[in-house]
Amino acid sequence: NAGVTQTPKFRILKIGQSMTLQCTQDMNHNYMYWYRQDPGMGLKLIYYSVGAGITDKGEVPNGYNVSRSTTEDFPLRLELAAPSQTSVYFCASTEAYEQYFGPGTRLTVT
Amino acid sequence: AQSVTQPDIHITVSEGASLELRCNYSYGATPYLFWYVQSPGQGLQLLLKYFSGDTLVQGIKGFEAEFKRSQSSFNLRKPSVHWSDAAEYFCAVGTGNQFYFGTGTSLTVIP
């Protein structure tokens, strides 16, 4: 079991560029989440999904989009990158309220 | 709205000393409560969780936490800290399909 994997580990984007952060889990969990972590701010929920084909907004969804075509994958898309999106992004999958986190993607937008 | 407060941004303890990290939450009903640990450059790992029942819960790595409904608190404790416990600790509340995290407490352990 690889658990939750995220790619890339690091990325630098220019303002206005777009990119997709990949998240895959091999535990057959229905629930998956995207968070961003900023220094001193804890984790903020961006989007979540309760199963394939179902997604919903969290606390800070603006500037992001998600899709969930399979149980395993939950990609996060940034369409027009802005400096405010510089952060560390964590994906998690959940079963019985226990969250399993990926190692994170550190994104810098300059 | 739900919120989680960790009043201590940073705590320093000596190795072998006891530890208590504070967590207060704001929620209408009894939420599901969690403590996570994050080592530098890593994701979060679950230390322990409280859903119902016994208000003192045991977790991994020798940690325990006590739920006190009257104080809306879920403080994390360890009797004797090891140098490897140095990390960031997050308290979280689970409600419905969402989780809310505190801002974290950074723990430094001095020899």
Side-chain angles (χ1 to χ4, degrees), chain A residues 2-10 21-25 27 29-51 54-61 66 68 74 87-107, chain B residues 1-11 21-27 29-53 57 59-60 65 67 74 87-107:
Chain A
V4 179
T5 57
Q6 292 183 238
T7 57
K9 285 187 168 47
F10 304 94
L21 282 67
Q22 301 291 346
C23 175
T24 300
Q25 54 96 4
M27 297 172 282
H29 291 164
N30 284 321
Y31 288 66
M32 295 187 73
Y33 298 78
W34 273 107
Y35 295 93
R36 58 178 288 170
Q37 183 179 32
D38 301 304
M41 297 295 292
L43 275 73
K44 298 292 186 183
L45 180 62
I46 304 171
Y47 271 95
Y48 67 98
S49 169
V50 301
I54 306 169
T55 62
D56 209 345
K57 296 177 180 178
E59 289 180 86
V60 291
V66 294
R68 185 94 183 272
F74 190 40
S87 189
V88 181
Y89 291 85
F90 288 100
C91 178
S93 71
T94 300
E95 181 171 17
Y97 269 94
E98 183 163 342
Q99 295 210 293
Y100 299 82
F101 283 85
T105 294
R106 184 174 294 274
L107 176 67
Chain B
Q2 296 80 6
S3 68
V4 180
T5 302
Q6 293 181 246
D8 304 305
I9 296 173
H10 186 251
I11 283 183
L21 302 182
R22 296 181 291 165
C23 173
N24 293 96
Y25 65 90
S26 172
Y27 184 58
T30 299
Y32 296 162
L33 297 162
F34 308 85
W35 274 100
Y36 287 85
V37 61
Q38 184 182 32
S39 297
Q42 304 294 316
L44 278 69
Q45 180 186 21
L46 181 67
L47 284 176
L48 47 78
K49 60 190 177 188
Y50 173 78
F51 289 173
S52 64
V57 294
I60 62 172
F67 169 59
F74 189 55
E88 187 96 16
Y89 291 81
F90 292 93
C91 181
V93 162
T95 148
N97 295 323
Q98 300 194 30
F99 296 81
Y100 299 87
F101 287 79
T103 51
T105 297
S106 177
L107 175 65

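Chain naming here is simple, since letters A, B, ... match the order of the sequence lines and numbering starts at 1 in each.
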- B/Glu88 and B/Ser106 have their tightest heavy-atom pair at OE1-CB, 3.6 Å
- Task: Spell out, as yes or no, whether a donor-acceptor pair under 3.5 Å connects the side chain of B/Thr105 to the backbone of B/Asp8.
- Result: yes
- Verify, without hydrogens or angle tests, whether A/Gln6 (side chain) and A/Cys91 (backbone) share a donor-acceptor contact under 3.5 angstrom. yes
- Note on the structure: Expected contact set for residues 37-46 of chain A against chain B at heavy-atom separation under 4.5 Å reads A/Gln37, A/Gly40, A/Met41, A/Gly42, A/Leu43, A/Leu45
- Item | Which portion of B/Ser39 sits near chain A, non-hydrogen atoms under 4.5 angstrom | neither
- Note on the structure: Only one of B/Phe51, B/Tyr50, B/Tyr32 passes ring-ring contact (aromatic ring centres under 6.0 Å, His included) with B/Phe67, and that residue is B/Tyr50
- Item | Check: B/Tyr27 ring centre within less than 6.0 Å of B/Tyr100 ring centre | no
- Do B/Val93 and B/Leu33 have side-chain heavy atoms sitting under 4.5 Å apart? yes
- Message: If we define contacts as heavy-atom pairs under 4.5 Å, which of B/Ile9, B/Leu46, B/Asn97, B/Val4 has the most with chain A?
- Response: B/Asn97
- When the ring centroid of B/Phe34 is compared with that of B/Phe99, is the distance short of 6.0 Å? yes
- Query: Relative to chain B, which segment of A/Tyr97 carries a heavy atom at a distance below 4.5 Å: side chain, backbone, both, or neither?
  - Reply: both
- Item | Candidates A/Phe90, A/Tyr48, A/Tyr89 - the one meeting side-chain contact (heavy atoms from CB on, under 4.5 Å) with A/Trp34 | A/Tyr89
- Message: So for B/Gln38, is it side chain, backbone, both, or neither that comes closer than 4.5 Å to the heavy atoms of chain A?
- Response: side chain
- Considering only heavy atoms, which portion of A/Tyr100 lies under 4.5 Å from any heavy atom of chain B: side chain, backbone, both, or neither? neither
